[in-house]
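Everything on this sheet refers to the single structure shown next.
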Amino acid sequence: FRSWSTAATPDGVVDRIEITRSQGLVGAAADVARGQSDLVPQAPISAAVLDRFAPLVHSAPFAMTDYAFLDTRRRPFDHRAARFALGLALDRRLMARRSGGPQAATPSCQVLPVGFPGYRPACRSAIASRAAGAWVTPDVPRARGLVRASGTRGTRVVVWAGPHTFAHATDVRDVLGLLGYRPVVRRFATDDAYFAALRHGGRPQVGFSGWIADDPRPESFTRALVSCDAGGRGPAATNWSRFCDRGLDAAIARAGRRPGAPSPSTWTAIESRIAALAPVIPFDTRRTVALAARQVGNLVFSPSGGVLLDRLWVR
């Protein structure tokens with residue numbers, strides 16, 4: 001490997017990095033607590049472990065959005081009002097707790113993650129503070145009114161989930177019931193089985209996924225979730241909603257071609273449009289969680305890569 005830029009790859013701090021495979025998160029955390037190891041750089045989310053080892057926990061924003069997708073070609077979610085109603089009624093604070101709590105996830109109602117280029121808080125899918133534009137609380141009465149107006153009340157809704165999203169599925173099931181639908185949850189034995197079923201043409205009316213940034217361009221993040229070209233089936237499919245709006249695709253393409261840094265106002269308008277059409281319902285953005293021993297300092301996080309190991313120092 002030859003460094004192409006000293007600014008992009010500055011000299012590190014540590015002399016060497018030793019990686020040891022652990023038998024489990026609890027054991028690894030206990031080793032850090034005893035000072036026998038220095039760091040668990042990307043800890044799997046476990047609220048019990050985070051509480052038990054709270055003094056060792058560090059977290060920072062991560063470029064990942066968790067969302068529910070809605071099949072926009074089948075009743076009831078072929079009706080925009082029904083899709084928007086579900087977004088209004090979800091308790092995103094509860095769903096972020098399901099993702100590990102405030103150290104691990106932040107409630108959100110937009111596709112772009114917090115701190116991402118072009119990001120500006122702009123939440124239409126809930127009662128929101130006008131000044132901050134952030135999600136505040138669900139609006140179930142308004143959502144029920146939209147469902148009645150859509151004429152979809154009483155529709156049977158099948159919700160799919162894997163083990164890691166089953167808790168989110170139960171929250172969505174409860175909300176669908178409050179809105180007057182007849183929800184059913186199908187739980188897959190493994191997450192691999194869940195995604196294999198989606199890739200082979202499975203069509204739940206509601207399902208769950210998460211998107212991690214491949215690069216810092218807002219257009220690549222949004223296009224993957226809502227673009228006409230990202231629909232279909234197979235390993236390349238990422239638009240599980242089967243949603244297509246050529247005007248939205250064109251707006252994303254134009255924004256991506258603009259020179260210079262992404263304009264927050266441009267992407268706020270695009271995100272507002274996505275929220276109004278509601279093919280997906282973002283409910284939280286993730287945070288990188290690390291456990292660091294007391295002898296460790298200078299924890300620097302990358303929004304896409306977690307802890308930068310060569311930036312650490314150890315006493």
Side-chain angles (χ1 to χ4, degrees), residues 65-99 105 107-109 111 124-127 135 137-211 225-226 231 233 239-243 274-284:
T65 298
D66 289 317
Y67 64 95
F69 58 84
L70 312 177
D71 190 337
T72 61
R73 301 188 188 181
R74 291 173 58 198
R75 184 178 173 89
F77 299 122
D78 57 349
H79 201 297
R80 189 206 69 86
R83 302 194 299 268
F84 193 75
L86 181 57
L88 277 174
L90 284 185
D91 186 341
R92 286 169 167 82
R93 187 167 290 106
L94 173 61
M95 298 186 78
R97 284 204 299 269
R98 303 287 197 194
S99 296
S108 178
C109 53
V111 172
R124 293 188 57 178
S125 301
I127 298 174
W135 184 87
T137 188
D139 190 347
V140 175
R142 184 182 171 201
R144 283 174 168 160
L146 286 170
V147 170
R148 285 194 298 270
S150 73
T152 61
R153 195 173 188 277
T155 304
R156 183 174 184 266
V157 178
V158 177
V159 182
W160 280 17
H164 285 89
T165 54
F166 181 69
H168 295 132
T170 61
D171 294 335
V172 170
R173 177 199 62 198
D174 294 345
V175 169
L176 287 167
L178 286 174
L179 297 181
Y181 294 114
R182 296 184 294 114
V184 177
V185 176
R186 178 182 176 185
R187 178 175 181 171
F188 286 77
T190 65
D191 292 315
D192 285 345
Y194 165 77
F195 283 107
L198 287 175
R199 286 192 297 270
H200 287 89
R203 299 300 185 202
Q205 286 142 295
V206 183
F208 301 89
S209 190
W211 191 259
L225 273 59
V226 301
R233 63 176 66 181
N239 176 359
W240 303 114
S241 298
R242 300 195 291 167
F243 174 76
I274 293 172
L277 295 168
V280 296
I281 302 177
F283 54 83
D284 67 42

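What's counted below: heavy atoms across the whole structure, side chains too, no hydrogens, waters or symmetry copies. In this text, all values refer to a predicted model and were calculated from it rather than measured experimentally.
Sorted by first then second residue, the salt bridge (charged side-chain N to carboxylate O under 4.0 Å, His left out) pairs that include residues 66-85, not counting sequence neighbours, are D66-R286, D71-R242.
Between atom CZ of residue F243 and atom CG of residue L277 there is a gap of 4.5 Å, rounded to the nearest 0.5 Å. Atom CZ of F283 and atom SG of C109 lie 13.0 Å apart (nearest 0.5 Å). Taken to the nearest 0.5 Å, the OG1 atom of T72 stands 12.0 Å off from the CD atom of Q205. Remark: T137 OG1 to D91 CG distance equals 6.5 Å, nearest 0.5 Å. Of the inter-residue distances, the one linking T190 atom OG1 with H164 atom NE2 reads 10.5 Å to the nearest 0.5 angstrom.
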Side chain to side chain contact (heavy atoms under 4.5 Å, CB included) assessment of Y67 paired with W240:
CA-CA 11 Å; Y67 64 95; W240 303 114; 4.1 Å; yes
For side chain to side chain contact (heavy atoms under 4.5 Å, CB included), just list the numbers for F69 and L198, CA-CA rounded to whole Å, side-chain angles, deciding distance to a tenth of an Å, and then say yes or no.
CA-CA 12 Å; F69 58 84; L198 287 175; 3.9 Å; yes
Report the C-alpha distance between V157 and F77 in whole Å, list the side-chain angles of each, state the deciding distance to 0.1 Å, and finish with yes or no for side chain to side chain contact (heavy atoms under 4.5 Å, CB included).
CA-CA 9 Å; V157 178; F77 299 122; 3.9 Å; yes
With side chain to side chain contact (heavy atoms under 4.5 Å, CB included) as the criterion, how do V159 and F166 come out once you've worked through the C-alpha distance, each side chain's angles and the decisive distance to 0.1 Å?
CA-CA 10 Å; V159 182; F166 181 69; over 6 Å; no
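Counting all heavy atoms, side chain and backbone alike, A85 lies closest to L146 at CB-CB, 3.9 Å. Across all non-hydrogen atoms, the minimal contact from P204 to W160 is CB-CG, 3.4 Å.
Residues meeting the ring pair (Phe, Tyr, Trp, His ring centres under 6.0 Å) test with F195, sequence neighbours left out: none.
Under the 4.5 Å side-chain criterion, counting only non-hydrogen atoms from C-beta, R92 is in contact with I281. Residues R153 and P76 have side chains not in contact (no heavy-atom distance under 4.5 Å, counting atoms from C-beta outward). Under the 4.5 Å side-chain criterion, counting only non-hydrogen atoms from C-beta, L225 is not in contact with S241. Between R186 and Y194 the shortest side-chain heavy-atom distance does not fall below 4.5 Å. In this structure, the side chains of R187 and P163 come closer than 4.5 Å at one or more pairs of heavy atoms.
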Return a table of donor-acceptor pairs under 3.5 angstrom between the side chains of residues 168-180 and protein atoms on other chains or two or more places apart.
{"from": "H168", "atom 1": "NE2", "to": "M95", "atom 2": "O", "distance (Å)": "3.1"}
{"from": "H168", "atom 1": "NE2", "to": "S99", "atom 2": "OG", "distance (Å)": "3.1"}
{"from": "T170", "atom 1": "OG1", "to": "A167", "atom 2": "O", "distance (Å)": "2.6"}
{"from": "D171", "atom 1": "OD1", "to": "R98", "atom 2": "NE", "distance (Å)": "3.4"}
{"from": "D171", "atom 1": "OD1", "to": "R98", "atom 2": "NH2", "distance (Å)": "2.9"}
{"from": "D171", "atom 1": "OD2", "to": "R98", "atom 2": "NE", "distance (Å)": "3.0"}

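No more than 12 heavy atoms of other residues, nucleotides or ligands shown are found within 6.0 angstrom of CZ on R156.
Of the possible donor and acceptor atoms, none in the side chain of Y181 sits under 3.5 Å from a partner among the backbone N and O of V147.
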